[in-house]
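Everything numeric in this text was worked out from a predicted model, so none of it was measured.
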Amino acid sequence: MKSSKRIDPLLNRAQDNEDAVARVLADRQKALQQNESRLDELRRYADEYGQSQLAATSPAQLANRRAFLERLETAVEQQSRAVDNSRQTVEVERGRLLLASRDKQVLEQLAASYRAQERVVDERRSQRELDDLGARRVRLAALAAEGIGS
């Protein structure tokens, strides 16, 4: 089996790995976008609620409003951490994809090198066969000329 054929299973495996890592990265990017969207919604709602001029008619209503604002702030902080975690995860997956792509590229270059070497060997073998055939014809022609002359 030629070297270039032996490397094909490794190339297929590298391609599958790269595809799988790319799918995971796409999923992580989608999760990041969703987390960022939720954070934007939470911030917008917290800003609108904080700027609203709701009439607090009693100390209990005022306390409830402050407690709700604190819960909103906590939710915004938690969502901010979720966004940060998602960004880190995306960066990790991006690095994994880069490594998987490099691995596949190295194997592709190696396969191309093997194919080039095999092509050179095949061309030399073909040329040698043509040379042998030409030499046989010349010998046969010389033998035939000697047979006619004697």
Side-chain angles (χ1 to χ4, degrees), residues 1-52 54 64-150:
M1 179 184 275
K2 292 183 174 183
S3 297
S4 63
K5 293 293 180 191
R6 281 186 277 167
I7 205 165
D8 283 347
L10 294 175
L11 262 173
N12 292 336
R13 193 175 194 172
Q15 181 66 54
D16 291 346
N17 184 41
E18 184 183 30
D19 292 345
V21 172
R23 282 191 297 273
V24 170
L25 176 60
D27 289 345
R28 300 296 188 254
Q29 286 175 327
K30 185 177 178 182
L32 173 60
Q33 289 172 346
Q34 289 172 343
N35 282 333
E36 287 175 335
S37 177
R38 277 188 220 128
L39 179 60
D40 289 343
E41 289 173 16
L42 270 173
R43 283 181 174 158
R44 196 172 24 255
Y45 182 74
D47 286 345
E48 289 173 7
Y49 190 82
Q51 292 175 357
S52 68
L54 295 176
N64 282 343
R65 180 176 163 80
R66 283 189 182 148
F68 186 66
L69 281 171
E70 287 176 9
R71 284 196 304 257
L72 279 174
E73 286 179 26
T74 302
V76 167
E77 289 171 7
Q78 287 175 344
Q79 192 60 34
S80 291
R81 284 194 294 272
V83 167
D84 289 343
N85 288 338
S86 290
R87 282 190 182 127
Q88 289 174 352
T89 302
V90 165
E91 288 307 312
V92 167
E93 293 303 325
R94 195 171 282 147
R96 287 184 59 215
L97 180 59
L98 184 64
L99 290 175
S101 296
R102 285 184 186 162
D103 288 348
K104 188 187 85 176
Q105 191 176 20
V106 166
L107 289 173
E108 286 173 342
Q109 289 173 345
L110 188 59
S113 173
Y114 285 156
R115 280 191 288 274
Q117 289 174 356
E118 290 165 359
R119 195 173 30 255
V120 167
V121 169
D122 287 345
E123 288 171 0
R124 286 183 183 160
R125 185 179 48 237
S126 294
Q127 185 61 47
R128 199 172 344 151
E129 288 172 0
L130 288 174
D131 291 346
D132 289 346
L133 182 62
R136 256 187 261 138
R137 285 186 178 169
V138 167
R139 264 187 267 132
L140 288 175
L143 288 175
E146 285 177 18
I148 293 174
S150 56

Short side-chain donor-acceptor distance under 3.5 Å, Q15 and D19:
yes
Could you tell me whether the side chain of S126 and the main chain of E123 form a donor-acceptor pair under 3.5 Å?
no
So if I apply the side-chain hydrogen bond (donor to acceptor under 3.5 Å, both in side chains) rule between S4 and each of Q117, R115, E118, which one comes out positive?
E118
Less than 4.5 Å apart, any side-chain heavy atom of L133 and any of E129?
no
Could you go through D84 and Q88, starting from their C-alpha distance and side-chain angles, then the distance that decides it, and tell me whether this counts as side-chain hydrogen bond (donor to acceptor under 3.5 Å, both in side chains)?
CA-CA 6 Å; D84 289 343; Q88 289 174 352; over 6 Å; no
Drop me the distance from D8's CG to K5's NZ, to the nearest 0.5 angstrom.
5.5 Å
Salt bridge present between D122 and R125 (N-O < 4.0 angstrom)
yes
Looking at Q109, is its backbone amide N or carbonyl O close enough to the side chain of S113 to form a donor-acceptor pair, meaning the two atoms are under 3.5 Å apart?
no
Restricting to non-hydrogen atoms, name the atom on L107 and the atom on L11 that form the minimum distance, rounded to 0.1 Å.
CB-CD2, 3.7 Å
CZ (R94) with more than 12 external heavy atoms under 6.0 Å
yes
What pair of heavy atoms forms the shortest contact from A75 to L42, and how long is it?
O-CD1, 3.7 Å
Distance col, row R43:CZ vs L72:CG, nearest 0.5 angstrom, shows 13.0 Å
Report yes if some heavy atom in the side chain of E93 is under 4.5 Å from a heavy atom in the side chain of Q29; otherwise report no.
no
Output for pair (K104 NZ, L10 CG), nearest 0.5 Å, gives 14.0 Å
Enter the distance from N17:CG to L97:CG here, rounded to the nearest 0.5 Å.
9.5 Å
With heavy-atom distances below 4.5 Å as the criterion, would you say the side chains of R65 and F68 are in contact?
no
Looking only at atom types and distance, does a side-chain atom of Q79 sit under 3.5 Å from a main-chain N or O of N35, one as donor and one as acceptor?
yes
Whether S37 side chain and Q33 backbone form a donor-acceptor pair below 3.5 Å:
no
Electrostatic pair E41-R38, nearest N-O below 4.0 angstrom:
no
Determine, step by step, whether L69 and R66 satisfy the side-chain contact (heavy atoms from CB on, under 4.5 Å) criterion, reporting the C-alpha distance in whole Å, the side-chain angles of both residues, the deciding distance to 0.1 Å, and the verdict.
CA-CA 5 Å; L69 281 171; R66 283 189 182 148; 5.6 Å; no
With rounding to the nearest 0.5 angstrom, report the CD to CD1 distance, E108 to I7.
10.0 Å
Measuring from atom CG of D131 to atom CZ of R136, what distance do you get when rounded to the nearest 0.5 angstrom?
11.0 Å
